[in-house]
Amino acid sequence: MKTAPSSSKARAAQALNGTEAAAEVIADVARQMRRSGVVPKLAVVLVGEDPASMVYVANKARQAERIGYASLQVRLPARTSDAELAAVICGLNDDASVHGILVQLPLPPHLSAEAVACQIAPDKDVDGFHEVNVGRMTLRSSRSAFVPCTPLGCMHLIHQAIGHDLKGLNAVVIGKSNIVGRPMATLLMHAECTVSVAHIHTRDIEQLCRTADILVVAAGSPGLVRGDWIKPGAVVIDVGINRVDGEGGRKRLAGDVAYDEAAEIASFITPVPGGVGPMTIAMLMKNTYTAAVLAEQARMQTRAVPVTGSNGR
Ligand code: GUN
């Protein structure tokens, strides 16, 4: 089914419910887990006390426990050196009971996210940030790659909205981060979309967005995308989670898209909260289960190899 482009007159968009979709993904993983008897273990590392990161890490660990995974939280002070963090990661790499490792980003400024990602064993890199996994995903290697959770969740919602055939659709991704923008563009390219990536230096970003049958916004800028940037009938995926001033001096969450305006023009749109956010955690559960199954398969294969002496006997 491919129904995105429609230039008919404006209508109210259908909200893509990420909470429901995530619950379905998680229920499916839980079913597979019960059938296989494999119990995954996820280690989540948090360096420092960034309030948003503390919430995200707690949500990830809570979801892991709710589904029946073993989980381990490692909390390190903001002053942790790169050598100390590397030692923690090395210990988790060597711990055969741990199947998935995630180091929550952003890190304190003295630590490099790219360097840290590459210290995690690729087969435990459930975030899909290690260059081996990025390479495998980008090249569509036959060796399985972990794909970053947020773009995976966005693709799931896009497919749910307009089906699996996205061939020839124009996709615009705003943002070129390693976590969302770049892998998102790659996945859309793999789906045979014509993909543009917009960023801070993009000229006439509004006009570019108006060409998008699929618009994915990961800019970190509340309300950046206005209703008149949107092509009628487009699918709009809002990855932004911004804390902004709400009523009565309280903070509220807002996306990167001016929702009410965009919902008048788009055919499908993700709300914030309740859109992409829950999907990220669901895909993390899925990747962690995959890591555990692959580890179990590798363990069985190792056991199946006949023991031979050094001369082959
Ligand atoms: N910070 C924001 N999103 C993510 C994510 O998907 N993984 C990690 N490790 N940190 C994040």
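All ligand and atom numbering here is 1-based and tracks the order in the structure.
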Asks: Looking at L102, which atoms of ligand 1 are within less than 4.0 Å of one of its heavy atoms?
Replies: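 Those atoms are 9 (N).
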
Asks: When you check the gap from the basic side-chain N to the acidic O, do E65 and R62 get nearer than 4.0 Å?
Replies: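 R62 and E65: not salt-bridged.
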
Asks: Please say which of V217, V216, V272, I174 ends up in a side-chain contact (heavy atoms from CB on, under 4.5 Å) with V239.
Replies: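 Considering V217, V216, V272, I174, a side-chain contact (heavy atoms from CB on, under 4.5 Å) with V239 is found only for V216.
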
Asks: In the protein, which heavy atom is nearest to atom 11 (C) of ligand 1, and how far is it?
Replies: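 For atom 11 (C) of ligand 1, the nearest protein heavy atom is Q104 NE2, 3.4 Å.
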
Asks: Applying a 4.0 Å heavy-atom criterion (strictly less than), which segment of L284 is in contact with ligand 1: side chain, backbone, both, or neither?
Replies: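 Answer for L284: neither.
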
Asks: Side chains of V235 and S267: does their closest heavy-atom pair fall under 4.5 Å?
Replies: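 They are in side-chain contact.
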
Asks: Does L105 approach ligand 1 within less than 4.0 angstrom via side chain, backbone, both or neither, non-hydrogen atoms only?
Replies: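 Contact part for L105 vs ligand 1: both backbone and side chain.
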
Asks: Among all protein heavy atoms in this structure, tell me which lies nearest to atom 3 (N) of ligand 1, with the distance rounded to 0.1 Å.
Replies: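 Answer, as residue, atom name and distance: I179 CG2, 4.1 Å.
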
Asks: May I ask you to say whether R226 pairs ionically with D228, meaning some side-chain N is under 4.0 Å from a carboxylate O?
Replies: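 Salt bridge: no.
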
Asks: Going by the rule salt bridge (Lys or Arg N to Asp or Glu O under 4.0 Å), which residues pair with R66 if we only count those two or more places apart in sequence or in a different chain?
Replies: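 Scan of R66 (salt bridge (Lys or Arg N to Asp or Glu O under 4.0 Å), adjacent residues dropped) gives none.
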
Asks: Where is the nearest protein heavy atom to atom 8 (C) of ligand 1: which residue, which atom, and how far?
Replies: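 Here the nearest protein heavy atom works out to D127 OD2, 3.4 Å.
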
Asks: I'd like to check which ligand 1 atoms, numbered from 1 as shown, lie under 4.0 Å from a non-hydrogen atom of V103.
Replies: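 With V103 as reference, the close atoms of ligand 1 come out as 8 (C), 9 (N).
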
Asks: For F129, is the nearest heavy atom under 4.0 Å from an atom of ligand 1?
Replies: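 Distance cut 4.0 Å: F129 passes for ligand 1.
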
Asks: For the residue pair H190 and T138, what are the closest heavy atoms and their distance?
Replies: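 Smallest interatomic distance, heavy atoms only, reads CE1-O, 3.4 Å.
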
Asks: Quick check: does T280 get an N/O under 3.5 Å from an N/O on ligand 1?
Replies: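 So ligand 1 has no N or O lying under 3.5 Å from an N or O of T280.
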
Asks: Going by the rule salt bridge (Lys or Arg N to Asp or Glu O under 4.0 Å), which residues pair with D94 if we only count those two or more places apart in sequence or in a different chain?
Replies: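 Not a single residue meets the salt bridge (Lys or Arg N to Asp or Glu O under 4.0 Å) criterion with D94.
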
